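Just below is one structure, and these are the notes that go with it.
Nothing here was measured: the structure is a model prediction, and the numbers come from that model. Residues: numbered from 1 along the sequence shown.
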Amino acid sequence: MNKEVRPGFHNSFILDRFSKDEIAILRNLSKRWYLTNSGIDIRVGASIYKYALLKPTSKYAQAFGLERELCILFSDYSNFEPRTLDAFDAARSNIAGVRVDPICRILVSRDSAIEQKLSDLFIQEPEQPVVIPFTYSDLLQDHDGLNEFNRFRKHFFSRDLFSVQGPLQRDTFFFGRTKLIQELTDRFKTKENSGLFGLRKSGKTSIIYSIKRWAKENSEIAISIDCESPSIHGLRWYELLGKIVHLYYEAKQSQIKKPEARYDAILAADRFEADMLQIYRSKKASGSLLIFDEIERISFGTGSSSHWSQESDFLFFWQSIRAFCQQNPGILNLLLAGTNPQSVELSRINSHDNPLFSFAQPIYVPCFSFDQTKEMIEALGNPMGLSFSPLVLAKIQSDFGGHPFLTRQICSHIHKLIEIERPVTVDESIYQNAYTSFLKIGAPYLGMVVDVLREQYKDEYDLLLYLAQGLTAEYQSLSTLFQINHLEGYGLVEQQQDGPILKVNSIVSYLLMAHRYQLEVSSNEQRRSEIQERSSRLENALRSTIRRTLRTVMTEAKATTSVLESIPTERRSKLIHKSYKELLQEENSPLFLLDLKEIISKEWDS
């Protein structure tokens, strides 16, 4: 926190470049902020915007975790358009090197409905940074800064910055992958093929989006193919070659006649080479990156369509691609992204040489280190009024292993549970309550991460199950070198002095819960506990079924009488004051299993 910052203007700040109202607003803000930079005019389409930079004083720094300067943008137009937000990015490009906060921005607009319009926009575009909206009149009339401060509280503390579910298409909330993206782009520059592999939701597609942004910024061509789409895996191998030609033609912006759409199986490989070379030579010679996302969907044994998973399309397609790349080096380089690198590791597929074998170097998407986890949580949590104690940060790293998606989800869950006034420090007590409930309601998220192994790589999933039970010897005796490399590459398994462990605590809990009735029971105590749990679940289900069934054939009063008549006389008098719902509620019902049996027998014919 920068507690020594005093409000006012920097000596080089030029007030005269702003309008009369904007000068009044800036003078008012200078009572609570330190204004450092008066910016330049920004043009977006036909519109012109002005901006300035503000450095937070201790009040704002402590309340919202602000350390960097904020950009305030003036939009002197009565109608807000979403493209106005592009002016923030244009402003940032003009102030490179200044520590400007990438997550928080201030927008001052003439549009009286600006707050609602931004709220509606952020529902559609959750990756947008936090934008604190004001009208000109809001800030002109707010002399003491109280409404300004409350507006910050409202828009910081109410928004859940951890909750983004899909791949990240912007850099705003993208953390911890700079080194990996640098490695992949460097490999493209040196004409090397790469494989990018990791568990579901580990960030592969977000990395691909980042690489595509890099390509656009550096005038390179990157063509991405989503193999999960039926419009891709539904194609036969020769049709997919034709699809790539057309994508390459469009990406190259070639002026030659567009190649014919139809490819046939006999001439596809030859036509592919001829068409690709013609397009390549029609413009300035430069290499292109061809990205296949979800490569399993067009791989042998795991493909989503039978011609990929069971027939020879995988072999014919990659034989054609490999032959073209080897005969015409430097035109196409590949990035194959998926869960498991099996497609580039197997030397033989269906009794034939695998054309992808050793054709692309497998690189795993690493889990976050503790420092990366801490950076992400603090960067997103501080604006939400959430700070996390060092011990809680360590627990999150241990429980979720640095998996970015799971880390975001537990922090989002904490945000939703906290009802006290913010800012607040998330301590051990808050975290433990949130973690316990997350293991139940967040089970689908945990399953989403590892269930792809159960669906497509069952042996590796079973090995995780052994480690979750502490059966290290079984894991070591049954695992192959490839499987060990995969599981360690995913960041799930770690070799320690005493042997391998499954190092993500939440995944251990998920696996044990998901397979609790299939695991080996090693003691009478465990056996009794399992019987008791199953019995309790059965009784709860029976109570619910009886409650609904009786009400479909009789009134509630008659149903209550029927239930009470099924209870032994000595207990009935103590329960006669209970309502129908209380008698048959799933939890804390006063009825025993034998009571439920008696009700079913008595009313069977009803």
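- A donor-acceptor contact shorter than 3.5 Å is absent between the side chain of Asn150 and the backbone of Asn147.
- The ring pair (Phe, Tyr, Trp, His ring centres under 6.0 Å) check on Tyr510 picks up nothing, with sequence neighbours excluded.
- Under the 3.5 Å distance criterion, with hydrogens and angles disregarded, a donor-acceptor pair is assigned to the side chains of Thr135 and Asp138.
- Between the side chains of Arg422 and His415, at least one donor N or O lies within less than 3.5 Å of an accepting N or O.
- Looking at Gln456, its side chain never comes within 3.5 Å of a backbone N or O of Gly303 through a donor-acceptor pair.
- Judged by distance alone, the side chain of Ser437 and the main-chain N or O of Ala434 form a donor-acceptor pair under 3.5 Å.
- Looking at Glu115 and Lys154, a side-chain N of the basic residue comes within less than 4.0 Å of a carboxylate O on the acidic one, giving a salt bridge.
- Qualifying ring pair (Phe, Tyr, Trp, His ring centres under 6.0 Å) partners for Tyr435, counting only residues two or more places apart in sequence or in other chains: Phe400, Tyr431.
- Within the 4.5 Å cutoff, no side-chain heavy atoms of Ser231 are placed close to those of Leu235.
- In Lys59, the NZ atom is crowded: over 12 heavy atoms of neighbouring residues, nucleotides or ligands sit closer than 6.0 Å.
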Carefully, step by step, assess Lys602 and Glu598 under the rule salt bridge (charged side-chain N to carboxylate O under 4.0 Å, His left out). CA-CA 6 Å; Lys602 180 174 177 292; Glu598 184 63 28; over 6 Å; no
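- Under the rule for a ring pair (Phe, Tyr, Trp, His ring centres under 6.0 Å), the partners of Tyr461 that lie at least two apart in sequence or sit in another chain are His515.
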